[in-house]
Amino acid sequence: MKYDFTAIEKKWQARWEQEKPFAAKTGDAREKFYGLIEFPYPSGQGLHVGHPRPFTAMDIICRKKRMQNYNVLFPIGFDAFGLPTENYAIKNHIHPAIVTKKNIENFTNQLKMLGYSFDWDRAVDTTDPNYYKWTQWIFLQMYKKGLAYKTTMPVNWCTSCKCVLANEEVVNGVCERCGSEVIRKEKSQWMLAITKYAQRLIDDLDDVDYIERVKTQQKNWIGRSTGAEVTFQTTLGDDLLIYTTRPDTMFGATYMVLSPEHPYVKKWQDKLNNWDEVAAYVDAAAHKSDFERSELNKEKTGVRLDGVMGINPVNGKQIPIFISDYVLVTYGTGAIMAVPAHDDRDWEFAKKFGCEIVEVVKGGNVEEAAFTLKDDTGIMVNSDFLNGMTVKQAIPAMKQWLVEKGIGKEKVNYKLRDWVFSRQRYWGEPIPMVKCETCGWVPLPEEELPLVLPQVDSYEPTDDGESPLSKMTDWVNTTCPCCGGKAQRETDTMPQWAGSSWYYLRYMDPHNDKELASKEALEYWSPVDWYNGGMEHTTLHLLYSRFWHKFLYDLGIVPTKEPYQKRTAHGMILGEGGEKMSKSRGNVINPNDIVDQYGADTMRLHIMFIGDFEKAVSWSNEAVKGSKRFLDRVWNLQDACTDSMEYSAKNETAMHKTIRKVTKDIDELKMNTAISAMMSLVNDFYANGVTRGELKTLLLLLSPFAPHMVEEMWENLGFAAETGKMACQNEWPTWDEAKTVDANVEMAVQVCGKLRGTVVVPVDSEQDTVLAAALAHEKVARFVEGKNLVKVILVKNKLINLIAK
RNA sequence: GCCGCUAUGGUGGAAUAGGCAGACACAAAGGACUUAAAAUCCUUCGCCGUAAAAAGCGUACCGGUUCGACCCCGGUUAGCGGCACCA
């Protein structure tokens with residue numbers, strides 16, 4: 001019988017679709033398992049070979065969980081708002097909704113082609129008004145709690161997309177999507193106060209099982225630092241508040257720096273003797289993008305504020321004040337005390353501008369370079385009451401002194417900024433807010449949700465940076481829900497991150513038109529037990545959705561503090577030479593081609609076999625054959641197996657070992673070694689023969705990996721007649737630990753640490769037995785001859801090492 | 001610069017409470033079957049050496065701990081990812 005994968009895969013996909021064996025049942029008495037993958041963006045190019053890697057892995061986990069009698073929720077959906085679709089629509093004058101619909105259809109077909117056990121009845125689409133109604137609803141709740149606010153601030157402006165970008169969308173000073181230059185621009189924007197959750201976003205990482213690098217990356221991104229805020233008086237009478245993490249070095253503060261945007265600069269305009277020079281510098285800084293500013297970090301620039309001096313509160317000394325763009329207005333207080341002896345940037349600036357350098361921590365040569373080591377060994381000098389203390393002692397001592405004098409206090413700062421939530425784009429969720437001439441910003445009443453995206457003639461953003469919606473005067477002009485007067489709708493839309501911040505909740509109850517999901521469903525399915533996704537989403541999507549979840553938790557809507565109990569990440573699939581796959585390199589692999597040539601089961605198996613799941617791997621078309629060959633070999637066992645349902649003596653140990661290995665490896669995402677264990681077992685079957693019972697076990701183990709072929713064999717071998725379809729099995733093979741070991745083991749024999757041979761002894765043999773066997777070994781004897789056995793080291797069932805002198 | 005990760009045959013990769021390095025595959029070479037090809041099956045496959053053995057060398061590099069190190073420690077180099085004037 002030939003392995004006709006095309007016919008077999010079609011047959012079983014049709015049956016699964018009809019009989020729905022993968023439907024999740026809310027409220028079922030079995031233990032629940034919620035496995036989640038990052039839902040795809042349905043691009044026009046269709047499924048990329050990068051998709052099947054994480055999807056197949058989670059499919060395997062979920063299929064195995066079902067066989068272990070869990071009630072599994074394994075959903076799928078589409079994150080369908082976004083720029084590529086919009087840009088395609090602009091170019092081809094097709095409505096983005098039509099493009100999206102077509103792309104989703106294509107993705108759906110491709111995903112079904114790969115045989116994933118999704119519960120398709122729960123599929124969500126973020127562009128469906130029944131879905132984004134609740135995205136808008138969550139925004140309104142945030143507004144009501146003061147977490148959504150509108151403010152004018154410098155934003156990242158993409159010169160090509162004509163659109164505001166979040167900080168996270170700017171990569172190396174250019175737009176993440178189109179690669180064009182990004183400049184700073186003042187704009188009124190909706191913001192979400194994620195910074196209010198900064199501490200909880202750090203603290204609650206302790207309670208979840210995320211791979212360590214995700215945790216560290218999130219913590220670095222949030223960037224908590226502990227220091228002190230200190231007030232410096234000035235000769236103009238205004239007090240300057242600065243932030244420092246090194247209060248211990250205050251005696252070394254010899255000048256101060258304000259960011260060019262600091263409000264005092266303007267305030268002091270009339271009192272400065274060099275205002276023209278100052279104004280020119282401020283103006284130049286304003287015209288630079290963040291990137292330009294940071295790119296010039298080799299060479300410090302700045303201007304002295306002539307006419308004002310700061311007063312160092314610890315010693316009363318007057319010190320000059322500069323403005324420089326190495327101080328950021330967005331962090332701390334936008335003003336610093338500069339300690340050139342112990343900070344690289346300050347040192348560099350001081351050298352250029354001729355400022356005094358005062359050493360306050362012993363250990364370096366501050367004329368040569370800043371001495372920045374902050375450890376226990378540094379001893380304070382030139383620091384009055386701190387002299388002789390270590391840095392570690394001086395920090396709290398100074399903080400205490402500042403508090404006693406009433407000029408400073410401990411302060412925690414975060415690098416994390418609030419989330420710019422407005423986009424001047426068409427293809428996103430409309431922000432459900434109305435601006436009334438008398439009442440100001442007014443939220444739309446919840447009954448009026450969803451606020452549906454209107455039809456427009458042109459999707460192009462306007463040249464002044466407003467959303468295309470602003471041209472829809474019929475839609476924009478409305479009445480105030482509050483006073484009934486004239487009002488206008490917000491024309492900005494939400495960023496793509498909005499819809500993906502809560503989609504895992506909608507899966508729990510996707511058709512609910514009363515709530516985002518019912519309490520019953522939320523309580524039954526929460527939290528997501530295992531979420532796998534890409535590292536590129538660690539500081540964006542993952543952080544944003546944790547923030548939204550915590551907000552919903554505070555409202556009493558979701559029952560858990562954290563959305564995801566466990567987070568893992570997959571590596572990328574690279575092209576043949578280890579290069580990134582891209583259209584321009586022409587090395588893009590289309591999963592359809594692999595499926596056509598080898599079948600979906602081979603595709604699934606191979607993409608799991610290819611290497612360590614967490615690491616990047618290069619795709620090789622040649623290597624796929626090996627996985628296909630393995631499936632062929634399994635297929636051919638149908639005709640070779642005996643009728644016995646027992647394990648044969650020759651295969652018994654291998655059976656138990658393989659069951660153990662495959663079971664444990666799947667839970668640890670080591671699919672590659674699970675597969676190699678099954679390959680070895682099949683090699684054994686070819687050498688020793690195979691019984692029907694052995695084959696049954698193999699099929700159970702293999703079914704999550706190659707579900708279609710296994711269903712067919714399951715039916716052919718008569719198992720389906722006995723216990724039903726493979727997809728409905730709730731039996732996972734078990735192993736007997738005692739039977740995973742043979743009666744005899746082969747042990748390595750070393751003489752003085754060098755391998756000299758092997759001996760076969762009964763399992764768990766004591767030293768005497770092994771030693772006797774080892775000495776009987778011809779080669780070992782040769783190396784021991786004429787020497788004294790000084791010591792013998794035995795590692796049971798593994799090795800014996802004879803130390804002979 | 002800071003944080004994190006990685007380095008193993010021609011290739012993808014196995015192996016860590018410190019215990020036979022190279023499992024499982026791909027490629028290659030030889031053979032069987034075949035009119036032939038494909039498919040399949042068998043054999044070889046780290047380096048050096050040998051008639052074949054043996055001996056020796058070998059997990060990026062240098063050193064250490066240990067009876068024993070891919071694994072632990074110190075240092076170096078190269079590469080990948082993230083952050084980047086965050087005071």
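Because only heavy atoms are used, hydrogens play no part in the values below, and waters and symmetry mates are left out as well, while side chains stay in. Lettering follows sequence order; numbering is per chain, from 1.
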Quick one: closest heavy-atom pair of A/G310 and A/M256, and the distance? CA-SD, 4.1 Å

Minimum-distance pair of heavy atoms, taken over all atoms of A/F705 and A/I60: CD2-CD1, 3.5 Å

[N] versus [M] - spacing of their [atom1] atoms, nearest Å:
{"N": "B/A21", "M": "B/G13", "atom1": "C1'", "result": "13 Å"}
{"N": "B/G1", "M": "B/U11", "atom1": "P", "result": "31 Å"}
{"N": "B/C26", "M": "B/C80", "atom1": "C1'", "result": "25 Å"}
{"N": "B/A32", "M": "B/C48", "atom1": "P", "result": "28 Å"}

Given the rule that a pair is Watson-Crick or G-U wobble with both distances under 3.5 Å, how would you write RNA chain B in dot-bracket, using | for pairs to a different strand? (((((((..(((......[....))).(((((.......))))).((........))..(((((..]....))))))))))))....

State whether the distance check finds a donor on one side and an acceptor on the other, under 3.5 Å, for side chain A/E746 versus base B/C20. yes

Check: A/K300 side chain, B/C85 base, donor-acceptor under 3.5 Å: yes

I want to check one thing: is the phosphate of [N], taken as OP1 and OP2, less than 4.0 Å away from some side-chain N or O of [X]?
{"X": "A/R629", "N": "B/U40", "result": "yes"}
{"X": "A/K754", "N": "B/C20", "result": "no"}
{"X": "A/K625", "N": "B/A27", "result": "yes"}
{"X": "A/Y331", "N": "B/A87", "result": "yes"}
{"X": "A/S225", "N": "B/A87", "result": "yes"}
{"X": "A/R756", "N": "B/A55", "result": "yes"}

With heavy atoms under 4.0 Å as the rule, sort [X] into base, sugar-phosphate or nothing.
{"X": "A/K415", "result": "base"}
{"X": "A/I793", "result": "base"}
{"X": "A/R633", "result": "sugar-phosphate"}
{"X": "A/E212", "result": "nothing"}

Report the nucleotide, chosen from B/A25, B/C85, B/A87, that has the shortest atom-to-atom distance to any side-chain atom of A/T245. B/A87

When you compare the side chain of [Y] with that of [X], does any pair of heavy atoms fall below 4.5 Å?
{"X": "A/V360", "Y": "A/D248", "value": "no"}
{"X": "A/D742", "Y": "A/V763", "value": "no"}
{"X": "A/Y331", "Y": "A/S225", "value": "yes"}
{"X": "A/L328", "Y": "A/S259", "value": "no"}

First encountered from the 5' end of RNA chain B, between A/L755 and A/N220: A/N220

Report the residue (A/T216 or A/N801) whose heavy-atom-nearest nucleotide on RNA chain B is the more 5′ of the two. A/T216

If you restrict it to nitrogen or oxygen atoms, what contacts under 3.5 Å exist between nucleotides 9-17 of chain B and the protein, and what is each distance?
unit_1	atom_1	unit_2	atom_2	d
B/G12	O2'	A/I610	O	2.7
B/A14	OP1	A/N672	ND2	3.0

Is it the case that the ring center of A/F322 lies less than 6.0 angstrom away from the ring center of A/F349? yes

Just to verify, what does A/K657 make a side-chain contact (heavy atoms from CB on, under 4.5 Å) with, not counting sequence neighbours? A/T653, A/R660, A/T740

Within a reach of under 6.0 Å around NZ of A/K352, are more than 12 heavy atoms found that belong to other residues, nucleotides or ligands? yes

